[in-house]
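Here the structure is laid out as structure tokens; the discussion comes afterwards.
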There are 2 protein chains.
Amino acid sequence: MADSGGSERKGIDRELRRGSLELIVLQLLAPGEAYGYEIVSKLTAETNGALEVTDGTLYPVLYRLERAALVAVRWETPERGVPRKYYRLTDAGREELIRLTHEWSTFAKAMNKLLRRDREAK
Amino acid sequence: MADSGGSERKGIDRELRRGSLELIVLQLLAPGEAYGYEIVSKLTAETNGALEVTDGTLYPVLYRLERAALVAVRWETPERGVPRKYYRLTDAGREELIRLTHEWSTFAKAMNKLLRRDREAK
DNA sequence: CAATATATCGTGTTACGCAAGGTATATTAC
DNA sequence: GTAATATACCTTGCGTAACACGATATATTG
């Protein structure tokens with residue numbers, strides 16, 4: 001609406017996050033287990049909101065990872081408090097984390113190289 | 001259906017490209033005009049295939065950019081050869097290129113920072 | 001005219017991120 | 001005791017981008 005007449009080029013961020021979210025979550029689980037809600041706030045905090053997602057976005061990701069056996073799940077029901085579902089990396093998850101990190105790295109390098117090109121051609 | 005038990009984690013590359021393709025194309029047009037087929041081969045060549053796309057992927061991107069007035073179009077029909085559609089950046093396109101480059105940079109920095117985290121833990 | 005190369009464009013599929021809403025349990029307020 | 005708030009999980013539906021696949025059209029070569 002602020003973009004009068006134009007095409008409103010909104011969240012490219014949303015598209016950029018595509019495909020990197022799994023990597024992000026796996027990486028956040030690398031130090032140890034965490035539960036869903038915790039991951040959301042961790043992500044927001046550690047990236048100053050740059051990679052922020054809502055829980056409605058995260059849970060499907062976690063479910064995908066679980067189904068792919070990249071994470072394992074443990075319920076914890078304390079005497080006080082709402083039950084929490086803790087996720088931790090499986091061995092396959094750690095391998096996948098390494099693999100995806102490499103893929104990301106390759107991609108990012110190619111992008112950066114391309115974007116740096118404007119110094120020759122001006 | 002083809003996914004029998006195993007998780008078959010295929011093209012994350014495809015997802016990573018999401019949202020960056022517009023930026024890529026704008027950047028490739030920065031030095032001067034080019035036509036569609038040319039952009040495809042340029043992209044493949046300059047990134048050693050890391051960001052390769054097919055023409056079926058590229059043309060919709062170009063159409064989006066044209067509709068958003070980020071690129072302008074010129075047909076050239078030579079006496080010999082198939083007509084070519086040349087694209088060049090508009091002023092708005094140059095601004096958008098700068099804007100998207102910044103967005104990419106912010107995103108990539110956040111990702112790299114997050115991925116570098118594994119040196120404290122472990 | 002058949003085959004190949006160049007070049008553009010259209011259709012249908014897939015899958016992801018997200019807004020929006022729903023459920024359930026515990027704590028605090030009155 | 002019940003209303004409100006916080007915590008924590010999950011589901012549905014939508015929009016949209018990338019891609020595979022195929023169609024179209026022109027020019028060259030045999």
TODO: Could you tell me whether A:Y63 contacts a base, only the sugar-phosphate backbone, or nothing, with contacts defined as non-hydrogen atoms closer than 4.0 Å?
DONE: nothing
TODO: Flag the pair B:I39 / B:D55 as yes when at least one side-chain heavy-atom distance between them is below 4.5 Å, and no otherwise.
DONE: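 B:I39 vs B:D55: side chains apart.
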- [ ] Would you check if B:L28 and A:L114 make a side-chain contact, meaning some heavy-atom pair closer than 4.5 Å?
- [x]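 Yes - at least one pair of side-chain heavy atoms lies under 4.5 Å apart.
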Between [X] ([atom1]) and [N] ([atom2]), how many Å, whole number?
X	N	atom1	atom2	answer
A:W75	C:dT25	CH2	C1'	12 Å
A:K85	D:dT11	NZ	C1'	13 Å
B:E15	C:dT13	CD	C1'	13 Å
A:L21	C:dA15	CG	C1'	13 Å
A:E66	D:dC9	CD	C1'	13 Å
A:I12	D:dG15	CD1	C1'	16 Å
A:R14	C:dA15	CZ	P	18 Å
B:Y59	D:dA25	OH	C1'	12 Å

Task: Option passing ring pair (Phe, Tyr, Trp, His ring centres under 6.0 Å) with B:Y86 (candidates B:Y37, B:W75, B:Y35) - done: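 For B:Y86, the ring pair (Phe, Tyr, Trp, His ring centres under 6.0 Å) test succeeds with only one of B:Y37, B:W75, B:Y35, which is B:Y35.
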- [ ] Ignoring hydrogens and angles, state whether a donor on the side chain of A:T57 or A:T54 is under 3.5 Å from an acceptor on the partner side chain.
- [x]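 Result is yes, a qualifying pair exists.
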Open item on the list: Between the side chains of A:R99 and A:E103, is the shortest nitrogen-to-carboxylate-oxygen separation below 4.0 Å, so that they form an ion pair?
Closed with: yes
Open item on the list: If the threshold is 4.0 Å, N to carboxylate O, is there a salt bridge linking B:K85 and B:E66?
Closed with: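 Looking at B:K85 and B:E66, the cut-off is met.
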Task: Separation of A:E96 CD from A:D91 CG (nearest 0.5 Å) - done: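 Going from the CG atom of A:D91 to the CD atom of A:E96 covers 13.5 Å.
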Open item on the list: Working to the nearest 0.5 angstrom, can you tell me the gap between B:Y87 OH and B:L65 CG?
Closed with: 9.0 Å
Where the side chain of [X] is defined as all heavy atoms beyond and including C-beta, which of [options] is the nearest nucleotide?
X	options	result
B:R17	D:dC19, D:dA17, C:dC9	D:dC19
B:V82	C:dT6, C:dT8, D:dC19	C:dT6
B:R18	D:dT16, D:dC10, C:dT8	D:dT16
A:P60	C:dA7, D:dA18, D:dT11	D:dT11

Which pairs, protein N/O on one side and nucleotides 28-30 of chain D N/O on the other, fall under 3.5 Å?
| unit_1 | atom_1 | unit_2 | atom_2 | d |
| --- | --- | --- | --- | --- |
| D:dT28 | OP1 | B:R80 | NH1 | 2.9 |

Task: Cluster link A:I98 to A:V25, ILVMFWY, side chain under 4.5 Å - done: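 They do not share one cluster, since no chain of ILVMFWY contacts under 4.5 Å joins A:I98 to A:V25.
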Task: For DNA chain C, the residues among residues 37-58 of chain A that have a non-hydrogen atom under 4.0 Å from it - done: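 Within this stretch, A:V53, A:T54, A:G56, A:T57 sit under 4.0 Å of the strand.
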Open item on the list: Whether A:R64 contacts C:dG17 is assessed here as follows: a side-chain N or O lying under 4.0 Å from the phosphate OP1 or OP2. Is that the case?
Closed with: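 It does, given that an N or O in the side chain of A:R64 lies less than 4.0 Å from OP1 or OP2 of C:dG17.
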- [ ] Using the closest heavy atom to pick a nucleotide of DNA chain D for each, name whichever of B:S20 or B:E79 lands nearer the 5' end.
- [x]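 Result of the comparison: B:S20.
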Open item on the list: Between B:R74 and B:E76, does the salt bridge (Lys or Arg N to Asp or Glu O under 4.0 Å) criterion hold? Intermediate values first, please.
Closed with: CA-CA 6 Å; B:R74 174 178 71 85; B:E76 179 161 319; 2.7 Å; yes
